[in-house]
Amino acid sequence: MSSTLFSRRKLLEAGAAAAAAAGAAAIPGAALSRPLQEFESFFPAGGEERFRLSLQNAYLFLDTMMDAYAQGSATRLSQSYSDEIGLESTAFVYDNAVEIMARLLRGLGQDLARAKVLGNGLLYAQQTDPAADGRVRQAYFVDHADSQGVFIVPSGFPFFFLGSATGDMAWTGMALAQLANRTGIAAYLDGAVRLGNWIFNNTFDTRGAGGYNFTAGANQVKSTEHNIDVFALFTMLARLTGDAATWTGRADHARIFVDAMFYAPGGFFFTGTGPDGVSVNPNLNQDNIPEDVQDWSFQAFFNPGHAASIDWSKTNLAVTDTPQTYNSDLVPAFSNNLTGNIRVSGVTFATQSMRPPLAENEQAESACFIAPSDPFSSQPSPSAVWLEGTGHLAAALLSRRLPPNRDIDGFNGDVDTARVLLDNIRVAQNNLGRGQHVGGGQPIIGLGKPAQTIPDGLGVVAATSELNTGFGFSYKRFLHVGATAWYAIAGQAGNPFRLGLGNDGQ
């Protein structure tokens, strides 16, 4: 993690105009997204209206986070988490990309205008980056304006989220490509192309099965998830740019790597490779297999030969959090509205999340305890539900739609399983994360502001209890834009990996 705060690069005059207005030129021959279908209810009579209200509340939460420091057409990004997490006004580009797609998917009222504001924010971050090479950074502070009046500044002290991981670049590009497809505005496509070229020029790799590295630089690991993201972005660019040959070839380079990561005997995808770009650890007691690659892979490729990874996810990563599970946060001490009778089921982040390491307790007689992921996290619960990932799985199931007679034993078809998962997210939305705040700014460096209370029952927390991902960080019981936006996408059977956000091959 860098400890250097990069100086701001003066905004190019042409770039300022594009970021402010998202450009006036249209993409020649660009097709607008298909009209959204009528609301599809996955719930029996009596539950449909409750679910519809829950989705409306999810969008109200996204509005609240987006408007915490600026409103209207002001160029900005959404703060990713409630203030209680301690990340101040940090806005992760991934979360904002998912939010853009959730807004485009519903497409009602001010959804398109808000999506364009966030897209303009991503363009501005790209155009003002000191490297001037098409990249964006992992995250930005959004609580105060820069010299141009834009509420996007580099994330320096104390977090320094200044990296440019391939997955973050791809998701940012995917959101801009979806905006270009919907609006026909050339500036969004230009931004997506610049991100695609940055990925190709800086992370293209020929070691082993090829693919794209984790980020720029030598001796990089390769992530299966990142290569899924890259394939989706490059496939979109193949359609939007008119240069199908170039972008399809680049997309195939990612696809070949992802295919190589599929472990047929187990029916799942490995996480990726080691720093040598080739080796994969086949020992599942040592490797850490995550949820996202199992479910995103199907939405990106629609490969029936690898569809079993969804079944692996819905079984091997299944968890249920209750007040009696070890280290659960579903207790009145953390949520005073809880009475002890609550249960939330879904999936966890990865295999090691259910079997986190133990550590010796030198201060007490007990031999050991479940170790936190890092010095800033609490002891985790092996039963914590990752609600964003539960949304991933629900969306993938609604893309696949396996009928009951073809489902694995114990399940009654993909739509039924998705319905159950979505209702569990709704339960979490309705009961968890109460009394949290947004708008407190950056008090550590003297930029604190009066925070506002987020209305109860709107947003979705990242995890039901402290969740050790096994990758050196934890998800926590704080309201999260990414989890909420994925709930909105899954609840409308959306697919962020396909141009137009549908599952019809567009």
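- We find the CG-CD distance between Leu501 and Gln492 to be 10.0 Å, quoted to the nearest 0.5 Å.
- When the options Ile199, Asp252, Thr248 are evaluated for a side chain to side chain contact (heavy atoms under 4.5 Å, CB included) with Phe234, the one that passes is Ile199.
- The side-chain heavy atoms of Thr348 and Glu291, taken from C-beta on, include no pair separated by under 4.5 Å.
- What you find for Gly72 and Val117 is that their closest heavy atoms are O-CG2, 3.9 Å.
- No side-chain heavy atom of Ile85 sits less than 4.5 Å from a side-chain heavy atom of Thr90.
- The side-chain heavy atoms of Arg498 and Gln299, taken from C-beta on, include no pair separated by under 4.5 Å.
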**Request:** Give the C-alpha distance, both sets of side-chain angles, the deciding distance and a yes or no for side chain to side chain contact (heavy atoms under 4.5 Å, CB included) between Glu84 and His437.
**Result:** CA-CA 7 Å; Glu84 278 72 12; His437 302 82; 2.6 Å; yes
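- Side-chain contact, Gln294 with Ser313: no donor N or O sits under 3.5 Å from an acceptor N or O.
- Tyr263 and Phe270 have their aromatic ring centers within a separation under 6.0 angstrom.
- Expressed to the nearest 0.5 Å, how far CG of Leu387 lies from OH of Tyr487 amounts to 10.5 Å.
- Rounded to the nearest 0.5 angstrom, Leu189 CG and Leu237 CG are separated by 6.5 Å.
- No side-chain N or O of Tyr188 forms a donor-acceptor pair with one of Asn181 less than 3.5 Å apart.
- Between Pro290 and the options Leu317, Thr224, Thr469, Thr271, a side chain to side chain contact (heavy atoms under 4.5 Å, CB included) holds for only Thr271.
- Under a 4.0 Å N-O distance rule, the pair Asp129/Arg194 does not qualify as a salt bridge.
- Within the cation-pi definition used here (under 6.0 Å to the ring centroid, within 45° of the axis), Arg106 qualifies as a partner of Tyr59.
- With contacts defined as side-chain heavy-atom distances shorter than 4.5 Å, the pair Val193/Trp247 qualifies.
- For Asp63 and Arg103, the salt-bridge test passes: some basic side-chain N is under 4.0 Å from an acidic carboxylate O.
- Aromatic pair Trp171/Phe497: ring centres closer than 6.0 Å.
- A salt bridge is absent between Arg400 and Asp295; no separation between the charged side-chain nitrogens and carboxylate oxygens falls under 4.0 Å.
- Sorted by first then second residue, the ring-ring contact (aromatic ring centres under 6.0 Å, His included) pairs that include residues 391-414, not counting sequence neighbours, are Trp296-His392, Trp386-His392, His392-Trp486.
- In this structure, Thr172 OG1 and Gln138 CD are separated by 10.5 Å, a value rounded to the nearest 0.5 Å.
- Within the 4.5 Å cutoff, side-chain heavy atoms of Val98 are placed close to those of Ile489.
- Relative orientation of the Tyr475 and His480 rings is tilted, given thresholds of 30° and 60° on the angle between their planes.
- Looking only at side-chain heavy atoms (C-beta outward), Glu88 and Phe141 come within less than 4.5 Å of each other.
- Because its NZ or CZ atom is both nearer than 6.0 Å to the ring centre of Phe200 and within 45° of the ring axis, Arg250 counts as a cation-pi partner of that residue.
- Ring pair Trp312/Phe268 is tilted by interplanar angle, where 30° to 60° counts as tilted.
- Here Ala165 pairs with Asp168, Phe214, His226 under the side-chain contact (heavy atoms from CB on, under 4.5 Å) rule; sequence neighbours left out.
- Considering only residues two or more places apart in sequence or on other chains, Thr320 meets the side-chain hydrogen bond (donor to acceptor under 3.5 Å, both in side chains) condition with Ser345.
- Atoms CZ and OG1, on Arg343 and Thr464 in that order, are 13.0 Å from each other to the nearest 0.5 Å.
- Salt-bridge check for Asp329 with Lys476: failed, with every basic side-chain N at 4.0 Å or more from each acidic carboxylate O.
- The minimum heavy-atom distance linking Gln436 with Ser82 is given by the pair OE1-OG, 2.6 Å.
- A 6.0 Å sphere centred on CD of Gln56 holds more than 12 heavy atoms belonging to other residues, nucleotides or ligands.
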**Request:** Check the pair Asn57 / Gln429 against side chain to side chain contact (heavy atoms under 4.5 Å, CB included), numbers first and verdict last.
**Result:** CA-CA 9 Å; Asn57 286 340; Gln429 176 196 38; 3.8 Å; yes
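- Between Phe269 and His306, the ring centre distance stays below 6.0 Å.
- Each of Thr417, Leu393, Leu402 was evaluated against Ile310; a single residue qualifies, Leu393, per the side chain to side chain contact (heavy atoms under 4.5 Å, CB included) test.
- Remark: the backbone N or O of Asn468 is not paired with any side-chain donor or acceptor of Ser373 at under 3.5 angstrom.
- Side chains of Phe61 and Leu479 form a contact here, defined as non-hydrogen atoms less than 4.5 Å apart.
- Counting heavy atoms from C-beta on, the side chains of Thr64 and Gln452 come closer than 4.5 Å.
- The pair Asp414-Arg401 does not count as a salt bridge, with every side-chain nitrogen at least 4.0 angstrom from each carboxylate oxygen.
- Between Asp111 and Lys116 there is no salt bridge, since none of the side-chain N atoms of the basic residue sits less than 4.0 Å from a carboxylate O of the acidic one.
- Aromatic ring centroids of Tyr94 and Phe92 lie 6.0 Å or more apart.
- Formation of a donor-acceptor pair under 3.5 Å by the Glu388 side chain with backbone atoms of Val481 is not found in this model.
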**Request:** Output, in order, the C-alpha distance, side-chain angles, deciding distance and verdict of side chain to side chain donor-acceptor pair (under 3.5 Å) for Asn120 and Thr75.
**Result:** CA-CA 6 Å; Asn120 295 346; Thr75 302; 5.0 Å; no
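- With rounding to the nearest 0.5 Å, the separation of OG in Ser78 from CE in Met65 is 7.5 Å.
- Using a 3.5 Å distance cut-off with no hydrogens or angles, the side chains of Ser465 and Asp321 do pair a donor with an acceptor.
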